[in-house]
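Let me begin by presenting the structure, written as structure tokens, before commenting on it.
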Amino acid sequence: MGRTTLSLFATAAALAAVTGVAVVAAPSGDTGGGSGTARATKSAARMPVQRSAVVCPAPTSSEVAETTYTAFSPGAPASAKAGAGGRDARRTADLLPVTTTSSRPPAKKDGKDGKKEEEGKKGSGGKAPAPGTGPVLTLKAPGAPVTATTDRSDAPALLGSAEGPLAPGYTVQQTTAVTAGSGRGLHGLTCGPADTSFWFPGVSTAKGRQDYVHLTNPDSAAAAVVDLELHGKDGRVAAPAGEGVTVPPRSSVPVLLSTLTDTPADNLTLHVTARSGRVGAAVQASDEKQGGDWLPASEPAAAAVLPGIPADATSVRLVAFAPGADDADLKLRFAGPTGSITPAGHETLHVRSGTTETVELDGVARGEAGSLLLTAEDGGRVVAGLRVTRGKGDKQETAFLPAVEPVGARGTVADDRAKGTSLSLVAPGAEARVKISAWAAGGGTPATRTYTVRSGTTLTVEPPVPGGGKGGYALTVETVSGGPVHAARTLTLPQDGVPAFTVQPVPDDRSTVEVPAVRSDLTTVTR
């Protein structure tokens with residue numbers, strides 16, 4: 001083989017390494033002529049990602065809790081070009097434990113092995129092993145979710161990774177039922193990728209509330225250094241203890257937010273920034289009276305869509321932060337089942353730059369499930385989230401709703417149950433049609449149903465249930481036609497009269513990546 005040919009192969013290999021998550025291949029029929037730039041642009045194609053990685057925080061330190069992990073991959077969408085990922089069907093996706101450096105109060109040991117097997121989940125992970133003994137669960141094939149459970153109070157943070165045919169749409173759901181004590185209720189979280197910046201509107205350092213930010217470093221070679229900033233109604237809150245937090249390699253560090261400042265406050269915004277390295281970040285909020293949940297991150301944007309407000313909400317609190325140099329003047333709308341309205345007395349909200357504002361919207365739902373729509377004027381941006389409470393008295397439970405990106409081509413969410421699962425679908429602009437597919441644990445053909453979401457409305461549906469209505473399953477949401485659709489999944493599992501629930505966003509699962517074509521170009525080696 002000549003050196004010129006080898007150089008061409010090396011060039012193609014280098015480009016494939018740069019993209020990292022997709023296969024690069026020359027399109028059929030490329031003869032090598034014409035402008036290289038023009039050809040690459042015309043021939044760019046969406047191809048399946050080749051590797052996905054997620055981080056799951058340590059679920060709880062409670063002795064009266066059980067956590068369910070569900071992993072799922074729907075595989076590459078039909079719209080994507082075939083890539084090299086499908087060549088090796090023997091690949092698996094593992095969920096592995098990491099070391100946890102705990103700042104929580106020490107959990108009481110009860111001698112239990114913490115292992116439970118969920119019935120009716122043949123082929124699932126079943127029993128979750130003790131920390132450090134191997135994968136918590138292993139996903140072996142697309143189209144069939146797998147599940148493992150544990151009641152260990154020392155369950156560690158986890159790292160999940162999928163390659164090849166399992167990478168597109170790979171998702172892990174972590175659901176913890178806490179039956180007593182602070183934070184009693186349902187804590188749900190879709191495990192997310194590591195990054196360098198996260199915004200969490202709605203955190204608290206007030207008495208009666210315990211908010212932990214979990215920082216997980218997936219890197220096995222270098223430590224990550226993280227800054228934690230708190231922003232309140234008057235601007236940044238002094239929190240010197242949050243500067244330069246070190247997260248050792250392949251480890252997780254939970255930090256109690258109330259230890260960062262001497263001034264307790266409710267309705268704060270937390271900004272997590274990695275000075276070096278990357279981390280997974282998640283906030284768990286536990287309230288002595290109002291239950292608890294994981295508080296998802298939100299991204300700064302000029303417009304925000306927050307679906308999943310239940311019809312029986314007793315309290316709805318909007319928390320908004322303006323991260324840029326400009327103030328944000330927000331227009332508020334509530335999108336219900338029949339149309340959009342402007343909440344009386346809350347038509348607008350002014351958020352000064354660098355500050356956090358709150359507004360109580362308790363009567364916004366009026367017995368109808370829906371979504372909150374925010375629009376910032378004059379170039380402003382906002383980070384927004386909702387704290388939603390159901391129940392009354394000592395039977396209250398809380399969930400946090402973030403701003404959600406559009407579903408796009410496809411969104412994926414795991415750990416759905418035959419009873420207690422609903423989807424909120426909102427079309428803030430044009431009417432849209434979406435296809436919902438439900439994938440059973442045993443695999444096979446998914447149950448599907450198509451819905452129309454009218455412009456400016458929220459459609460709340462109970463998705464189709466596969467497998468005869470038994471056991472857990474996974475869902476995909478695909479945009480068929482029309483305008484953008486935003487979605488959230490609500491899981492409700494009542495506990496002794498408490499309406500325990502959790503809401504997870506369903507954004508685009510980023511199954512594909514746009515890859516420019518590579519073609520032979522002799523001028524590369526002759527210039």
Side-chain angles (χ1 to χ4, degrees), residues 70 72 169 171 173-175 186-192 200-202 282 293-299 301 303-313 316-319 333-337 340 361 364-365 368-374 383-390 397-408 410-417 420-428 432 434-438 451 453 456-463 473-479 483-493 499-510:
T70 305
F72 173 68
T171 186
Q173 176 73 23
Q174 174 179 297
T175 308
L186 201 61
H187 297 232
L189 176 72
T190 300
C191 302
F200 297 96
D293 202 352
W294 290 98
L295 198 156
S298 291
E299 290 293 326
V305 178
L306 299 93
I309 301 174
D312 61 351
V316 179
R317 177 184 297 172
L318 169 65
V319 182
R333 288 187 300 149
F334 175 77
S340 298
L361 301 170
V364 67
E368 295 181 334
S371 309
L372 188 67
L373 311 179
L374 305 177
V383 176
L386 292 175
R387 177 181 175 178
V388 178
T389 303
R390 299 171 69 185
E397 161 69 326
T398 298
F400 297 90
L401 283 60
V404 183
E405 295 178 357
V407 168
R410 185 182 69 188
T412 304
V413 62
D415 193 16
D416 305 293
R417 314 289 176 94
T421 297
S422 64
L423 278 174
S424 296
L425 308 168
V426 57
V434 295
K435 183 175 76 171
I436 311 298
S437 300
Y451 301 91
V453 187
T457 69
T458 298
L459 178 65
T460 303
V461 301
E462 293 185 3
Y473 58 97
L475 286 170
T476 56
V477 183
E478 300 174 75
T479 305
V485 174
H486 303 250
R489 189 283 311 267
T490 298
L491 180 63
T492 303
L493 301 176
F501 75 115
T502 183
V503 181
Q504 275 70 59
V506 188
D508 191 294
D509 63 18
R510 294 178 171 86

Exercise for the section: May I have the step-by-step check of side-chain contact (heavy atoms from CB on, under 4.5 Å) for T492 and R390, ending in yes or no? Expected result: CA-CA 11 Å; T492 303; R390 299 171 69 185; 3.3 Å; yes

Problem - R417 side chain reached by L491 side chain, heavy atoms, under 4.5 Å - result: yes

Exercise for the section: Considering non-hydrogen atoms only, spot the tightest contact between Y473 and A438 and give its length. Expected result: CD1-CB, 3.8 Å

Practice task
Heavy atoms only: give me the nearest D416-R489 pair and the separation to one decimal.
Solution key: OD1-NH1, 2.7 Å

Exercise for the section: Output yes when a side-chain donor or acceptor of S298 lies under 3.5 Å from a complementary backbone atom of A384, and no otherwise. Expected result: yes

Practice task
Answer yes if the side chains of Q173 and T190 hold a donor-acceptor pair under 3.5 Å, and no otherwise.
Solution key: yes

Completion exercise
Correct closest heavy-atom pair for P406 and P484 would be CB-CB, 4.2 Å

Handout entry: Close side-chain approach of T171 to V413, heavy-atom, < 4.5 Å
Key = no

Problem - Side chain proximity check, R317 to V319, heavy atoms < 4.5 angstrom - result: yes

Exercise for the section: Would you name the heavy atoms of Y451 and E462 that are closest together and state the gap between them? Expected result: OH-O, 3.7 Å

Completion exercise
OG1 (T175) and CG (L189) are apart, to the nearest 0.5 Å, by 8.5 Å

Exercise for the section: To the nearest 0.5 angstrom, please state how far the OG1 atom of T70 sits from the CD atom of Q174. Expected result: 10.5 Å

Exercise for the section: Evaluate the side-chain contact (heavy atoms from CB on, under 4.5 Å) criterion for residues L373 and V426: first the C-alpha distance (whole Å), next the side-chain angles of each, then the deciding distance (0.1 Å), finally the verdict. Expected result: CA-CA 10 Å; L373 311 179; V426 57; 4.3 Å; yes

Exercise for the section: Would you indicate whether the side-chain heavy atoms of V434 and V407 approach each other to under 4.5 Å? Expected result: no

Practice task
Decide yes or no for V305 and V404: does some side-chain heavy atom of the first lie under 4.5 Å from some side-chain heavy atom of the second?
Solution key: no

Practice task
State whether the side chain of S371 and the backbone N or O of T458 hold a donor-acceptor pair below 3.5 Å, judged by distance alone.
Solution key: no

Practice task
In sequence, state the C-alpha distance, the side-chain angles, and the governing distance for E478 and K435, and then conclude on salt bridge (charged side-chain N to carboxylate O under 4.0 Å, His left out).
Solution key: CA-CA 5 Å; E478 300 174 75; K435 183 175 76 171; 3.7 Å; yes

Practice task
Locate the shortest heavy-atom distance separating V453 from T457; write the atom from each residue and the value.
Solution key: CG1-O, 3.8 Å

Problem - Donor-acceptor contact below 3.5 Å, side chain E397 vs main chain L186 - result: yes

Problem - Backbone of P337 reached by a side-chain donor or acceptor of E368 within 3.5 Å - result: no

Exercise for the section: Would you indicate whether the side-chain heavy atoms of V316 and L372 approach each other to under 4.5 Å? Expected result: no

Problem - side-chain contact (heavy atoms from CB on, under 4.5 Å) partner of L401, the single match among D293, L295, T490, V388 - result: V388

Exercise for the section: Check whether any side-chain heavy atom of F334 sits under 4.5 Å from a side-chain heavy atom of L361, and report yes or no. Expected result: no

Practice task
Looking only at non-hydrogen atoms, find the nearest pair between A399 and T502 and report the distance.
Solution key: CB-CA, 4.3 Å

Handout entry: T412 and D509: side chain donor to acceptor below 3.5 Å
Key = yes

